[in-house]
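The structure under discussion appears below in the form of structure tokens.
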Amino acid sequence: MFYREAGQFKTTYKSDQALFPIAQDRYFVIGVVLFAFLVIPFFITDYWANALLLPFLIYALAAIGLNILTGYCGQLSLGTGGFLAVGAYASYKLMTSFPEMNLIVVFLLSGLITALVGIFFGVPSLRIKGFYLAVATLASQFFIVWLFNKVPWFFNYSATGQISVPPREIFGFLVTGPDASPAITYLFTLTLVSIFALLAKNMARGNVGRSWMAIRDMDIAAEIIGIRPLKTKLIAFAVSSFYIGIAGALLFAVWLGSAEPTEAFGIDQSFLILFMIIIGGLGSILGSFMGAAFMVLMPIFLKNFMVDGLGLQPAFSEHVQIMLMGVLIIFFLIVEPHGLARLWQIAKEKLRIWPFPY
Amino acid sequence: MSPEPVQTRIFEEEILSVSDVSLSFGGVKAIQNVSFDIKRGEIRAIIGPNGAGKTSMLNVINGFYHPQEGLIRFKGKARRRMRPSIAAAQGIARTFQNVALFKGMSTLDNIMTGRLPRLEKGIFGEIVNVFLQAAYLGPARRSELEQRKYVEEIIDFLEIQHIRRTPVGRLPYGLQKRVELGRALAMEPELLLLDEPMAGMNLEEKEDMSRFIIDVNDQYGTTIALIEHDISVVMDLSDRIIVLDYGRKIADGTPGEVQSNQAVMDAYLGVPHE
Amino acid sequence: MMFFLEVTISGLMAGVMYSLVALGFVLIFKASGVFNFAQGVMALFAGLTLVGLMEKFGLPPWAGIMATIAVMILLAWLIEFLILRRLVNQEHIILFMATIGLAYVLEGLGDVMWGSDVKLLDIGLPQGAVDWLLDDYNLYVEKLEVAAAVTAVIMVIVLAIFFQKTRIGRALRAVADDHQAALSVGISLRTIWVIVWSVSGIVALVAGIMWGSKSGVQFSLSLIALKALPVLMLGGFTSIPGAIIGGLIIGMGEKWAEIYMGPIIGGAIENWFAYMLALVFLLFRPQGLFGEKIIERI
């Protein structure tokens, strides 16, 4: 009824190429963004920020990063945890070595450093494909975590081997450290994530994105029509790692505050983010957000349900929780292998022709 | 079908020459000492029974297979091995026997990929380009709109406006072949290689496709080399024909000459090989 | 020299374990194209079930093993019925993720049923060093490891006979070659999948017994799956001899690196060394040890 594109005629290619060609979509997105920026900060509490909103936003950014590589360019990677670690440790070293450096610069540089590491580990992708490449990316995962555990320079020789974020301000507001207010950390993260999500969308729908998808769909044909595989894949690795690096820096500096490589950046993180993009939808920016929301919310629901609802012992419920998570993941893959983004799209198509079935 | 083509189309300038090319996979000899040339502006057909080495020949021309012997000269430049992406950048485009479209993308996006090699830049330009694209600023936006305009012309030419936004995986076979032709045209090729452009089509679709091929040759002046099994189509369309059999060239000439060639008759009608 | 030999032998023995897990991977990948990430957890699950059955019901080892085999076959059937047949024709990555989900389920289930503490598994396998080697050559080799190696060799021979000589084996090879063609001559994919997953389950049980007898049945057992992955890269995802040889190479290389390189660059390198080894190898030979050179067609 309200979701109609009738009467919205495009007279230029420019308007047809716009980000959200349908007016209702545009209003909806603007509404959500305004709500996130103008309403939520006034009601946010420590719990909401640290248990829900920050992990959601940060994982969404990491999921966009992985989606660029795996969903758009078709290169399956299991090394996400390692790249998160690179971003986190880069930001830590930058913040402690150059205390005066602007926080925004710190985050951008952390992303760039991770991008360089990503390019390095992306080089084998020219010769190694499919699951062989996925296993090869595990090499980067294990190697990076080992490196940050073994070389004391990376954690400034601290006795625990942990890294802890120093308090830093931006425009006079404290963003990192234990005393930062939830509204500020939330707004800072939200700003970065929104900007980078927009940039990712632009890349995905332009030439860069088309060359990625061509490599994904049929790499031989892509090469024959003149797309250079190595260059295209390396750009995907670089951009993807850049995003994951910034997510890693946010994860450590803004959300957790302190980190230790094996726990915070282990292979479980790689799988978690891979689940996000698959449940959200491969090759979809919106899906990255949906998948992140799902994977952040599900454990909380399961835990609340079992400990508070059924009164199970916490230790016992942990095992049940792992099991149920597995069941839910399998269930989702069977019901909608193309992810939540596809469900959303189907819902929109139904809405467009409502009240008629076809 | 179109009337008997005027026999007197004469072409002077050589655009491609293949000399003494041999290609083998392990012990299998796919192509043996084949030489021929293609003149600028003509429609050249390669025919022959299944397994004669026709597709391998196209793969050699656009650098996908590397022949063990022989030379390929394109626009005066000689080479034996090269990367397909470089052949594409030099102006060779092709379509495939089994449609090789990008299944996850729409018709429009598929044809737009054909524009990509036109926008090749050095490594530094490429990095700048990624940033511009991300911000969708200035040059990036302008170039996107220019390409869209060019691609829309091809879409009009091939009469596929109605499937612009459809993911190509959902299209029927005949239309997929047409989109594939569109993608090749978007590369603005000087030499267009068509691998069985009419395989699996009904009569009407074949007529459409023949018309497109003639129009491309006519309007854009594109040189075309095509592989096709439908002999009547080949005889109608092409200026000159090469006949391959078991990896060797057994005839080369105008449709009339080839038709009356004894070796060709034997290959097609199945005289036992020695 | 003796020390070098000892290191090599212990590396080879560890390699046998990797081979066993890799073998389970290869069987499933060959027959169904599924990259089964749950293979390691299956070994853990099988080990836990065996210990649980022996402890709770006081079964003797042979009965416990029989019962566990039955459980693994039932599990294979359930996996086919609940997961595989519902994901036919999905992309590989979806099936891969489903097996990660399966890994979570089995991990949780094993813990819920049998508890998560470390359990000792004693089915009467010999312990200690092989005496005559120790006495005559001063060479320390564990009896258990020899038993593991012998079992692995027997398993490979049995599997080879199964694949070459039996009707089911031929059907399996047909499916591995070409699913569509196999279907068209009347081979039931579903039956094949159940069989393959059962066989992999039994291979996992053997791996679980060997590893469990050595260091107890515990969560870390499931991590040997991560050790088997570089073996797969090296040997190829579809090659049974590749899994065996690859396992031995990785086991040996890892031990050498640990002993001779580890002290220099800081130790604990066994987590990634095998991956780097496989990666470097693949860069020079992308088709793996036993793969044929791939001719790309278009």
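The chains referred to below are lettered A, B, ... by the order of the sequence lines, with proteins before strands, and numbering in each begins at 1.
At a 4.5 Å heavy-atom cutoff, the contact between A:R205 and chain B is made by backbone and side-chain atoms alike. For chain B, no part of A:A200 is nearby; none of its heavy atoms comes within less than 4.5 Å. Contacts between B:R83 and chain A at a heavy-atom distance below 4.5 Å involve the side chain alone, from C-beta outward. Interface residue B:M105: backbone and side-chain heavy atoms are both found under 4.5 Å from chain A. Residue contact with chain A, scored on non-hydrogen atoms closer than 4.5 Å, is absent for B:R142. Only the side chain of A:I235 comes within contact range of chain B, with at least one heavy atom under 4.5 Å from a heavy atom of that chain.
Separation of atoms CG (A:N202) and CD (B:E144) is listed at 9.5 Å; rounding is to 0.5 Å.
Summarising the local packing, CZ of B:R170 is surrounded by 12 or fewer heavy atoms from other residues, nucleotides or ligands at distances under 6.0 Å. Summarising the local packing, CZ of B:F131 is surrounded by 12 or fewer heavy atoms from other residues, nucleotides or ligands at distances under 6.0 Å. Enclosure of atom OH in B:Y173 by more than 12 non-hydrogen atoms of other residues, nucleotides or ligands within 6.0 angstrom is indicated. Other residues, nucleotides and ligands contribute more than 12 heavy atoms inside 6.0 Å of the NZ atom of B:K75. Heavy atoms of other residues, nucleotides or ligands lying less than 6.0 angstrom from OH of A:Y27 number 12 at most.
The shortest non-hydrogen separation linking A:M218 to B:A100 is SD-CB, 3.2 Å. The shortest non-hydrogen separation linking A:D217 to B:F102 is OD2-C, 3.3 Å. Here the shortest heavy-atom pairing between A:E223 and B:P84 reads OE2-CD, 3.6 Å. Taking all atoms of both residues into account, the shortest heavy-atom contact from B:M187 to A:I225 is CE-O, 3.2 Å.
Residues of residues 226-233 of chain A having a heavy atom under 4.5 Å from any heavy atom of chain B, listed by number: A:G226, A:I227, A:R228, A:K231.
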Would you list the atom pairs, donor with acceptor, under 3.5 Å between side chains in residues 57-65 of chain A and any protein atom, with sequence neighbours excluded?
unit_1 : atom_1 : unit_2 : atom_2 : d
A:Y59  : OH     : A:Q269 : OE1    : 3.0
A:Y59  : OH     : A:Q269 : NE2    : 3.2

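Without hydrogens or angle criteria, B:Q133 side chain to A:N207 main chain gives a donor-acceptor distance under 3.5 Å.
Pairs of residues two or more places apart, or lying in two chains, that qualify as side-chain hydrogen bond (donor to acceptor under 3.5 Å, both in side chains) and include a residue from residues 101-111 of chain B are A:R210-B:D109. Applying the ring-ring contact (aromatic ring centres under 6.0 Å, His included) test to residues at least two apart or on different chains, the pairs with a partner in residues 193-236 of chain A are A:F196-A:F242, A:F196-A:Y243.
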**Asked** Do A:L199 and B:Y136 pass the side-chain contact (heavy atoms from CB on, under 4.5 Å) test, and can you show the C-alpha distance, the side-chain angles, and the key distance before you say yes or no?
**Response** CA-CA 8 Å; A:L199 297 184; B:Y136 198 48; over 6 Å; no
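When the candidates B:A134, B:S85, B:A88 are compared by the number of heavy-atom contacts under 4.5 Å with chain A, B:A134 comes out ahead.
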